[in-house]
Novice: 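Here you go, one structure.
Residue numbers count from 1 along this sequence. All of these numbers come straight from a predicted model, not from anything done at the bench.
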Amino acid sequence: MERKQGEVDHLERPSPLTDKERVMIQDSWAKVYQNCEEAGVAMLVRLFVNFPSSKLYFSQFKHIEDTEELEHSPQLRKHAQRVMNALNTLVENIDDSEKVASVLKLVGKAHALKHKVDPVYFKILSGVIVEVLGEEYPEVVTPEVGAAWTKFLATVCSGLKAVYEEVGWTQQSTSSG
């Protein structure tokens, strides 16, 4: 399923968020962020359980198989806090494209150059975030709000992909076996 140069799927260049979508994202996030640590841990644990290859980037806990042990890992909890803080900054500044771009540049550069994380994991994590938000906060993250989050996170992924391209990211070879 290779894509030819010039082909773009609609998630890579999402349409801009509407005012209503921005409000839905900020309102729902305010409720989620009250339980920021637990929500972040739930998101990362779901990512690592459903997509075990994503753990390979984390030397501190890539060997942990037990879900409960993962949930209590200080390193995982610390990373979950960083993820939630970055999301919080993006949501709080949803109307400030320069601030959003600067956060995406920091995150993108670190993950591309220092951690060598394949950018596909941002798309995977985005799906996990929307899934966990819908399950953990069904009264807040209705299907309509979930759709706004999907669009917002697609915009985030698109911005990160642009940073990866800017820094000259090349697909790392992975051995399957």
Side-chain angles (χ1 to χ4, degrees), residues 1-3 5 7-14 16-17 25 29 32-33 36-65 67 70-71 73-94 96-133 148-176:
M1 193 168 105
E2 276 188 47
R3 217 180 318 202
Q5 189 116 21
E7 276 185 49
V8 177
D9 78 29
H10 69 91
L11 287 180
E12 289 188 33
R13 260 203 212 129
L17 292 169
I25 289 164
W29 184 251
V32 171
Y33 201 63
C36 145
E37 187 175 338
E38 292 313 309
V41 168
M43 290 169 190
L44 288 185
V45 167
R46 174 82 54 95
L47 173 71
F48 298 143
V49 167
N50 291 355
F51 303 92
S53 61
S54 60
K55 272 198 316 191
L56 300 176
Y57 296 103
F58 296 91
S59 59
Q60 315 94 322
F61 51 81
K62 69 181 177 186
H63 60 282
I64 300 175
E65 297 297 326
T67 305
L70 255 180
E71 288 172 358
S73 161
Q75 294 90 348
L76 182 138
R77 296 185 88 75
K78 188 176 173 190
H79 192 70
Q81 186 69 52
R82 283 198 300 269
V83 169
M84 295 301 282
N85 287 341
L87 277 171
N88 188 57
T89 302
L90 291 171
V91 171
E92 281 184 347
N93 295 285
I94 205 165
D96 182 347
S97 58
E98 285 182 28
K99 179 68 176 175
V100 168
S102 106
V103 171
L104 295 180
K105 191 168 220 150
L106 283 172
V107 171
K109 278 185 171 180
H111 285 78
L113 301 175
K114 183 178 178 191
H115 308 301
K116 312 256 188 264
V117 174
D118 189 316
V120 73
Y121 286 104
F122 290 109
K123 281 186 176 183
I124 292 169
L125 179 59
S126 295
V128 169
I129 289 170
V130 173
E131 191 177 275
V132 169
L133 290 177
W149 270 98
T150 298
K151 190 172 166 184
F152 172 63
L153 292 170
T155 303
V156 168
C157 287
S158 177
L160 287 167
K161 186 173 185 254
V163 172
Y164 268 65
E165 289 168 2
E166 189 181 298
V167 299
W169 168 264
T170 52
Q171 186 64 43
Q172 308 296 312
S173 64
T174 55
S175 60
S176 55

Novice: Indicate the atoms forming the closest heavy-atom contact of A148 with L17, along with that distance.
Specialist: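 Answer, listing the atom of A148 first, then L17: O-CD2, 4.0 Å.
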
Novice: Report the C-alpha separation of H79 and F58 in whole Å, then their side-chain angles, then the decisive distance to 0.1 Å, and conclude whether the side chain to side chain contact (heavy atoms under 4.5 Å, CB included) test is met.
Specialist: CA-CA 10 Å; H79 192 70; F58 296 91; 3.7 Å; yes

Novice: For a side chain to side chain contact (heavy atoms under 4.5 Å, CB included) with T89, tell me which candidate from V107, V103, L106 qualifies.
Specialist: V103

Novice: Using a 4.5 Å cut-off on heavy atoms from C-beta on, say whether the side chain of Y121 contacts that of S53.
Specialist: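 With C-beta onward as the side chain, the pair touches.
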
Novice: Do the non-hydrogen side-chain atoms of F51 and L125 ever get within less than 4.5 Å of each other?
Specialist: no

Novice: Are any of the side-chain heavy atoms of K161 and P119 separated by less than 4.5 Å?
Specialist: no

Novice: Considering all heavy atoms of both residues, which atom of A39 and which atom of V32 are nearest to each other, and what is their separation?
Specialist: CB-CG1, 4.0 Å

Novice: Which heavy atom in L44 sits nearest to a heavy atom in L76, and how many Å separate them?
Specialist: CD1-O, 3.9 Å

Novice: Under the criterion side chain to side chain contact (heavy atoms under 4.5 Å, CB included), I'd like the reasoning laid out for Y33 against V91: C-alpha separation, chi angles, the key distance, then a yes or no.
Specialist: CA-CA 11 Å; Y33 201 63; V91 171; over 6 Å; no

Novice: To the nearest 0.5 Å, how far apart are CZ in R46 and CG in L70?
Specialist: 13.5 Å

Novice: Are any non-hydrogen side-chain atoms of I129 and L87 less than 4.5 angstrom apart?
Specialist: yes

Novice: Output all residues satisfying salt bridge (Lys or Arg N to Asp or Glu O under 4.0 Å) with R82, sequence neighbours left out; order by chain, then residue number.
Specialist: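 Once residues adjacent in sequence are excluded, R82 has no partner under the salt bridge (Lys or Arg N to Asp or Glu O under 4.0 Å) criterion.
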
Novice: Going by heavy atoms in the side chains, are L133 and M43 under 4.5 Å from each other?
Specialist: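 In short, these two side chains touch, coming nearer than 4.5 Å.
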
Novice: Spell out, as yes or no, whether a donor-acceptor pair under 3.5 Å connects the side chain of Y164 to the backbone of D118.
Specialist: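 No: the side chain of Y164 does not pair with the backbone of D118.
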
Novice: Excluding sequence neighbours, so at least two apart, what forms salt bridge (Lys or Arg N to Asp or Glu O under 4.0 Å) with E92?
Specialist: none

Novice: Is there side-chain contact between I25 and K151, with heavy atoms separated by less than 4.5 Å?
Specialist: no

Novice: Might you work through the side chain to side chain contact (heavy atoms under 4.5 Å, CB included) test for Y57 and H115, ending with a clear yes or no?
Specialist: CA-CA 7 Å; Y57 296 103; H115 308 301; 5.6 Å; no

Novice: Is there a side-chain contact between R77 and E37, using heavy atoms and a 4.5 Å cut-off?
Specialist: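 Yes, at least one pair of side-chain atoms sits under 4.5 Å.
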
Novice: On a heavy-atom basis, which atom in V117 and which in W169 lie closest, and how many Å separate them?
Specialist: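 Minimum heavy-atom separation between V117 and W169: O-CH2, 3.5 Å.
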
Novice: Would you call the rings of W29 and W149 parallel, tilted or perpendicular if under 30° counts as parallel and over 60° as perpendicular?
Specialist: tilted

Novice: How long is the straight-line distance from CG of L56 back to NE2 of H63, given to the nearest 0.5 Å?
Specialist: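 H63 NE2 to L56 CG: 13.0 Å, rounded to 0.5 Å.
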
Novice: Minimum heavy-atom separation for S73 and I64, please, with both atom names.
Specialist: CB-CD1, 4.3 Å

Novice: Is there a side chain to side chain contact (heavy atoms under 4.5 Å, CB included) between C36 and N88 once you walk through the steps?
Specialist: CA-CA 9 Å; C36 145; N88 188 57; over 6 Å; no

Novice: If you look at every heavy atom in G40 and A80, which pair is closest and at what distance?
Specialist: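 Distance-wise, the nearest heavy atoms are C-CB, 3.5 Å.
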
Novice: Is any side-chain heavy atom of L90 closer than 4.5 Å to a side-chain heavy atom of V156?
Specialist: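 Yes - at least one pair of side-chain heavy atoms lies under 4.5 Å apart.
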
Novice: Restricting to salt bridge (Lys or Arg N to Asp or Glu O under 4.0 Å), what partner residues turn up for E71, sequence neighbours left out?
Specialist: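 None.
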
Novice: H111 and F122: aromatic ring centres closer than 6.0 Å?
Specialist: yes

